[in-house]
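Worksheet for the structure shown next.
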There are 2 protein chains.
Amino acid sequence: MGTKQYTGAPEDADLMRADSLAREIFSDIANKWAFLIIEFLGERTLRFSELRNEVEGISHKMLTQNLRMLERNGLVERTVHPTVPPRVEYTLTEPGQALRATVDGMCGWTHKYLGRIEDSRRRFGA
Amino acid sequence: MGTKQYTGAPEDADLMRADSLAREIFSDIANKWAFLIIEFLGERTLRFSELRNEVEGISHKMLTQNLRMLERNGLVERTVHPTVPPRVEYTLTEPGQALRATVDGMCGWTHKYLGRIEDSRRRFGA
DNA sequence: CTGGATCCAAGCCGATACTG
DNA sequence: CAGTATCGGCTTGGATCCAG
């Protein structure tokens, strides 16, 4: 547990202090819908409508919006099959897969500490 | 790079599908301010006003709000020194430190793919 | 210094309707 | 099926003021 072992730069936090582009990307991606989309696309390629079903509670609009954002940042690739009706598939790119490992880490974390968090909440009360 | 190696449950995504508490916690924490706070607190214990300076652009209100949320979920511990003027320090708990590793991963990711993302954005255009 | 409360604008997000 | 556009409510979040 005491073994920290991250591969980033000497001081990762410096990134968030200095570089405005990094800040922007960070702000783009650090939201729950993007994470959930990445998590599900990590398992397999999915169509728009499949994604809509997997990511419970997401609206048509939010899904579109986040997919565009992820595509723009190169995390997701969009391939259109020119059939009728149209078939559009979304896949994680290599950068997307790389980030997926991180998101997975967060899922694992949630799983691991679920009970403890519940306790903490109860203690905190209101 | 091809070596995926996450420690979570067999299918982490199932967590996000099924457990509503997990979903709620996930939604709480997966936001940029929380991540930035965790990142900076990971480096060292900080006072309220120090955090305000470190996390560039955060408002008084957002900082308070997120700190309460993180405290409630047991990621951050708040210690009040009964001096005058008051001195309040925030530290990461063990769960908080554990999540910090993940956030660090995301910072490292941003750093690593910054150039590629920039390219992708340019290609994407509008 | 820390932080609660209030007011108000900006923008998010869902619903709906409409194209290819 | 996939996606865009528009509208309107309602949440979010910043500014400000007050208290301990």
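Throughout, protein chains are lettered first and strands after them, A, B, ... in sequence-line order, and every chain is numbered starting at 1.
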Query raised in the report: What are the two closest non-hydrogen atoms of A34(B) and M69(B), and how far apart are they?
Result: CB-CE, 4.0 Å
Query raised in the report: Can you name the side-chain contact (heavy atoms from CB on, under 4.5 Å) partners of Q65(B), sequence neighbours left out?
Result: K61(B), M62(B)
Query raised in the report: Would you call R87(B) and E89(B) a salt bridge, taking side-chain N to carboxylate O under 4.0 Å as the test?
Result: yes
Query raised in the report: Among all residues two or more places apart in sequence or in another chain, which pass the side-chain contact (heavy atoms from CB on, under 4.5 Å) test with V88(A)?
Result: R78(A), V80(A), Y90(A)
Query raised in the report: With a non-hydrogen cut-off below 4.0 angstrom, is R52(B) in contact with a base, only sugar-phosphate, or nothing?
Result: nothing
Report task. Give the rounded distance in Å between these two atoms: CG of N31(A) and P of dG11(C). Result -> 17 Å
Requested in this report: Please state how far atom CZ in R87(B) lies from atom C1' in dG3(C), giving the value in whole angstrom units.
Outcome: 17 Å
Query raised in the report: Regarding N31(B) and N31(A), is there a side-chain donor-to-acceptor distance under 3.5 Å anywhere?
Result: no
Report task. Could you tell me which residues satisfy side-chain contact (heavy atoms from CB on, under 4.5 Å) with R116(B), sequence neighbours excluded, listed by chain and number? Result -> E94(A), P95(A), Y113(B)
Requested in this report: Select one nucleotide: of dG3(D), dG3(C), dC1(D), the one nearest the side-chain heavy atoms of R47(A).
Outcome: dC1(D)
Requested in this report: Name the closest nucleotide to the P85(A) side chain, picking from dA2(D), dC1(C), dC1(D).
Outcome: dC1(D)
Query - Results of side-chain contact (heavy atoms from CB on, under 4.5 Å) for S27(B) - residues two or more places apart only - result: K32(A)
Query - Whole-Å distance separating the CZ atom of R68(A) from the P atom of dA5(D) - result: 11 Å
Query raised in the report: Do any side-chain nitrogens or oxygens of S49(A) fall under 4.0 Å of OP1 or OP2 in dA2(D)?
Result: yes
Query raised in the report: So does Y90(A) get a side-chain nitrogen or oxygen closer than 4.0 Å to the phosphate oxygens (OP1/OP2) of dC1(D)?
Result: no
Report task. Using atom CZ of R78(B) as one end and atom C1' of dC1(C) as the other, report the distance to the nearest whole Å. Result -> 12 Å
**Report entry** Spacing of H81(A) atom NE2 relative to dG3(D) atom P, expressed in whole Å
**Finding:** 13 Å
Query raised in the report: Ion pair present between R100(B) and D104(B), side-chain N to carboxylate O less than 4.0 angstrom?
Result: yes
Query raised in the report: Nucleotide by nucleotide, 5' to 3', does protein get under 4.0 Å of the base (B), only the sugar-phosphate (S), or neither (-) in nucleotides 6-20 of chain D, counting heavy atoms?
Result: BB-----BBB----B
Query raised in the report: What does the inter-axis angle of the helix from dC1(C)-dG20(D) to dG20(C)-dC1(D) come out as, five pairs per end, nearest 10 degrees?
Result: 40°
Report task. Whole angstrom is fine here: how far is it from CG in N66(A) over to P in dT4(D)? Result -> 13 Å
Requested in this report: Would you indicate whether the side-chain heavy atoms of E77(B) and E71(B) approach each other to under 4.5 Å?
Outcome: no
